[in-house]
> 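This is the structure I want to talk about, given as structure tokens.
Values in this document were obtained by computation on a predicted structure and should not be read as measured data. Position 1 is the first residue of the sequence; numbering continues from there.
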Amino acid sequence: MNPHEVGEPIWVSPATNDELKKNIVKEFKIHPVIAQILISRGFRSFQEIHDYLYAKLPELHDPFLIVEMPQAVNRVCKAIQDKENILIYGDNDVDGMTGTTLLTEFLQDVGANVFFYVSNRGTLRQSLIVEALEYALINECKLLITVDCGITAAAEIAKVAEKNVDVIITDHHEPTDKIPHCVATLNPKLMGNTYPNRDLTGVGVAFKLAHAITNQLTAEGKIAPKKIDLKRYLDLVALGTISDMGSLLDTENRILVRYGLKQLRKGKRIGLAKLFSICDADLNDLSTFMIASKIAPRLNSLGRIDDPRKGVQMLLVKNADVAEKMAIELDLNNIERQKIERTMSLDVDSTIQVNPEIMNNKAIVMVSDKWHPGVIAIISTRISKQYNRPTVMIAIDKGVGKGSIRSIPEFPLLPTLKECSDLLINFGGHDFAAGLTIREENIDAFKSRFIDIANQYLKDVDIMNKLHLDAEITFSDITFDFMESLKLLEPYGNENPQPILYCDAWQTWPPKIVGKTHLKLYLEQDDRILEGIALGKAAHNAKLRKKHLKLRVAFTPQIKSSIQLIIRGYQILAEGPPLSSEQQPNHIQAESLGERSIQ
């Protein structure tokens with residue numbers, strides 16, 4: 001195998017605890033396989049399991065548990081009372097757009113004078129808040145509230161304060177240096193913060209601020225209890241949380257997304273409804289996967305290649321005709337983004353093909369002055385997943401590199417970026433997704449140091465792809481009732497992927513290539529036959545055309561017209577001679593399979 005090729009993943013067996021499994025089944029009256037999945041995912045107490053499976057909206061945490069929330073709420077309430085102009089300043093991704101929309105709409109609903117401004121990716125990050133300050137001064141705003149940004153901008157925020165504009169930061173990124181001096185900093189990741197949910201996204205923190213303001217205004221009798229229905233903003237919270245890969249293992253995020261999906265299905269936000277329609281997305285069949293694959297990329301395309309303010313305008317729009325025009329423009333933007341992405345992908349893939357020695361290291365750092373800085377995040381995500389390595393993609397423009405970094409669970413980024421901070425203009429983000437800016441003359445030194453740290457820190461096994469199995473199951477257990485009970489684990493997403501089950505089965509008939517690139521398998525266990533689809537595995541057809549082939553298959557079950565297995569991997573346990581090209585029985589009909597993605 002060439003160094004740049006990706007090998008078959010290592011299968012990681014699920015953790016077992018028979019006594020705990022028996023107790024979970026007894027306590028919650030759930031299927032033993034569901035109980036095993038919970039054990040595999042680290043659940044050990046009944047309370048944790050109950051919260052994960054059944055937590056409801058009233059169980060959201062008190063927003064005043066966030067440090068400095070009282071100061072933030074008092075300052076916003078003063079601005080509302082004194083009719084001061086407020087500027088909401090958001091980051092340019094979906095998390096920032098949704099959080100900006102939420103606070104803009106909410107503050108308008110409680111009678112505030114509100115403006116919004118969204119950062120533009122083409123500008124250096126440290127000058128973004130200065131730009132927002134100019135906008136605030138032009139519009140005579142006395143209060144600036146950041147959304148999904150600001151925690152690493154102490155120097156820039158000091159400049160805002162010098163102009164007598166108060167600042168409240170709402171952010172969820174890891175603090176990396178001096179905490180900005182301002183009215184209040186709302187961030188569940190602040191040192192010493194005791195808020196129970198460290199995994200709130202930017203829009204989640206914005207929602208908490210809205211929740212706290214509502215509680216205070218209601219308690220003071222300034223608004224009627226029924227004036228503000230916070231549930232109607234949860235569509236934005238779900239959209240931003242899913243798009244920003246917020247943890248869906250965390251109970252509070254699960255509540256926000258679960259109820260947010262219900263709100264989205266109502267189709268009340270007209271701009272989003274038109275966007276769903278353009279994407280051929282059925283609101284009745286709405287899922288986290290649909291949002292991540294169809295909606296988020298289209299909104300993100302604004303922040304990558306156009307003007308992200310249009311995203312907020314589309315989420316706020318009330319006119320159906322305007323909404324439709326905006327949705328069509330957004331779709332065209334996304335097509336343009338895909339073209340740019342394809343060109344960059346070809347460049348990256350061919351570079352790795354021609355320079356296989358890149359794979360001798362445990363991290364990948366690639367640089368070009370031909371890349372679009374708005375698309376490097378998509379490429380770094382794909383390359384990091386494909387080769388299971390920390391990956392940095394840097395696009396150079398006018399002597400400055402903008403970098404996007406993605407990593408693997410074994411290699412948190414922020415400690416390494418701090419070690420490289422003397423070479424960087426700026427950096428920020430999370431341990432597994434971050435960004436940086438760097439002068440062109442420092443890139444070689446950064447590349448060398450970043451790769452050296454990864455080579456020292458990571459072991460060979462860390463960079464091998466892994467298939468984490470959740471539970472063993474028999475075909476007799478895979479019923480429609482079981483599929484219904486699996487829904488307890490939804491919503492799926494970051495840190496809470498769809499379960500991967502496994503079992504041993506016999507291949508009954510030869511596999512069939514469908515949709516040109518996929519392989520359909522016919523699997524039998526104890527007289528029951530199920531079809532499996534191995535996506536992108538058409539090239540394995542010859543290897544699987546053997547008589548008496550016994551396979552261990554890892555899969556995710558799904559319901560189409562019947563129960564079908566999405567094959568995640570297989571191992572050949574026993575094999576015989578090649579199969580002849582006998583006809584398949586009439587009841588196994590060949591079918592065309594279009595491109596599908598694994599959730």
Side-chain angles (χ1 to χ4, degrees), residues 7-11 13-14 31-34 36-37 285 289 465 467-487 497-599:
E8 290 298 315
I10 299 168
W11 288 32
S13 297
H31 196 286
V33 171
I34 308 286
Q36 174 56 53
I37 293 168
D285 197 28
F289 173 66
N465 280 309
L467 187 68
H468 292 273
L469 306 173
D470 285 299
E472 188 172 8
I473 195 168
T474 62
F475 278 11
S476 60
D477 276 328
I478 307 174
T479 62
F480 283 101
D481 282 347
F482 172 75
M483 295 299 292
E484 190 62 31
S485 63
L486 259 189
K487 290 180 181 176
Q498 284 186 300
I500 299 180
L501 310 175
Y502 72 97
C503 69
D504 297 347
W506 293 92
Q507 183 174 262
T508 313
W509 290 282
K512 185 169 188 63
I513 293 174
V514 289
K516 293 185 181 176
T517 58
H518 311 303
L519 204 59
K520 179 180 282 190
L521 305 179
Y522 304 97
L523 302 168
E524 182 175 8
Q525 186 191 79
D526 297 331
D527 297 327
R528 186 176 180 201
I529 296 172
L530 289 172
E531 292 181 3
I533 296 291
L535 298 170
K537 297 290 187 186
H540 293 225
N541 186 34
K543 185 172 25 172
L544 291 169
R545 295 185 75 82
K546 303 282 180 73
K547 276 185 181 174
H548 310 303
L549 200 61
K550 187 178 185 183
L551 300 175
R552 178 159 295 162
V553 285
F555 57 87
T556 298
Q558 67 172 12
I559 297 176
K560 289 301 176 182
S561 54
S562 59
I563 295 173
Q564 185 184 63
L565 313 180
I566 298 293
I567 307 294
R568 305 299 192 101
Y570 68 87
Q571 296 172 347
I572 298 174
L573 301 180
E575 60 181 90
L579 284 159
S580 62
S581 56
E582 69 264 27
Q583 290 294 308
Q584 294 182 45
N586 291 332
H587 65 279
I588 302 287
Q589 297 294 325
E591 68 177 57
S592 166
L593 179 78
E595 289 286 340
R596 278 194 205 133
S597 298
I598 299 176
Q599 295 188 31

> I need the Asp526 CG to Trp506 CH2 distance, nearest 0.5 Å.
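The CG atom of Asp526 sits 12.0 Å away from the CH2 atom of Trp506.
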> Quick one: which residue pairs count as a salt bridge (Lys or Arg N to Asp or Glu O under 4.0 Å) with a foot in residues 471-483, not counting sequence neighbours?
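Applying salt bridge (Lys or Arg N to Asp or Glu O under 4.0 Å) to every pair that reaches into residues 471-483, excluding sequence neighbours, yields nothing.
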> Look up atom CD in Gln498 and atom CZ in Arg568, then write down how far apart they are to the nearest 0.5 Å.
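Going from the CD atom of Gln498 to the CZ atom of Arg568 covers 6.0 Å.
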> Identify the heavy atoms of Ile563 and Leu530 that sit nearest to each other, and give their distance.
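Minimum heavy-atom contact is O-CD2, 3.9 Å.
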> Which residues pass the side-chain hydrogen bond (donor to acceptor under 3.5 Å, both in side chains) test with Ser476, sequence neighbours left out?
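Testing Ser476 for side-chain hydrogen bond (donor to acceptor under 3.5 Å, both in side chains), a comparison that skips the adjacent residues, returns Thr474.
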> Take Tyr522 and Glu531, measure what side chain to side chain contact (heavy atoms under 4.5 Å, CB included) needs, and give me the verdict at the end.
CA-CA 5 Å; Tyr522 304 97; Glu531 292 181 3; 3.9 Å; yes
> On a heavy-atom basis, which atom in Gln36 and which in Asp470 lie closest, and how many Å separate them?
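Where Gln36 meets Asp470 most closely, the heavy atoms are CG-O, 3.5 Å.
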> Please round to the nearest 0.5 Å and tell me the distance separating atom CD1 of Ile559 and atom CD of Gln564.
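Spacing of CD1 (Ile559) from CD (Gln564) equals 11.0 Å.
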> Drop me the distance from Arg545's CZ to Lys512's NZ, to the nearest 0.5 angstrom.
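That separation rounds to 9.0 Å.
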> Working to the nearest 0.5 Å, report the span between CD1 of Ile513 and NZ of Lys537.
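Reported to 0.5 Å precision, the distance equals 14.0 Å.
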> Shortest non-hydrogen contact from Pro557 to Met483?
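Minimum heavy-atom separation between Pro557 and Met483: O-CE, 3.4 Å.
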> Side chain to side chain contact (heavy atoms under 4.5 Å, CB included) between Thr556 and Leu565: does it pass, once the steps are laid out?
CA-CA 6 Å; Thr556 298; Leu565 313 180; over 6 Å; no
> Are Leu486 and Ile37 packed together at the side-chain level, in the sense that at least one heavy-atom pair is separated by less than 4.5 angstrom?
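Yes; the side chains approach each other to less than 4.5 Å.
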> Not counting sequence neighbours, which residues clear side-chain hydrogen bond (donor to acceptor under 3.5 Å, both in side chains) with Arg552? List them please.
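Checked Arg552 against side-chain hydrogen bond (donor to acceptor under 3.5 Å, both in side chains); matches are Asp504.
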> Applying side chain to side chain contact (heavy atoms under 4.5 Å, CB included), run through Phe555 and Ile473 and close with a yes or a no.
CA-CA 10 Å; Phe555 57 87; Ile473 195 168; 3.7 Å; yes
> Using 0.5 Å steps for rounding, measure from the CG atom of Leu519 to the OH atom of Tyr570.
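Result: 8.0 Å between the selected atoms.
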> Return the minimal non-hydrogen interatomic distance between Ser485 and Phe482, and the atom names on each side.
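Taking Ser485 first and Phe482 second, the nearest heavy atoms are OG-O, 2.7 Å.
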> For a 4.5 angstrom cut-off between non-hydrogen side-chain atoms, does Ile478 reach Leu501?
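Not touching, per the 4.5 Å side-chain cut-off.
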> Which heavy-atom pair separates Phe475 from Leu523 by the least distance, and what is that distance?
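Smallest interatomic distance, heavy atoms only, reads CE2-O, 3.5 Å.
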> Would you check if Leu521 and Pro511 make a side-chain contact, meaning some heavy-atom pair closer than 4.5 Å?
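Yes - at least one pair of side-chain heavy atoms lies under 4.5 Å apart.
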> Looking at every heavy atom in both Leu469 and Pro14, which two are closest together, and how far apart are they?
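What the structure gives for the nearest pair is O-CB, 3.3 Å.
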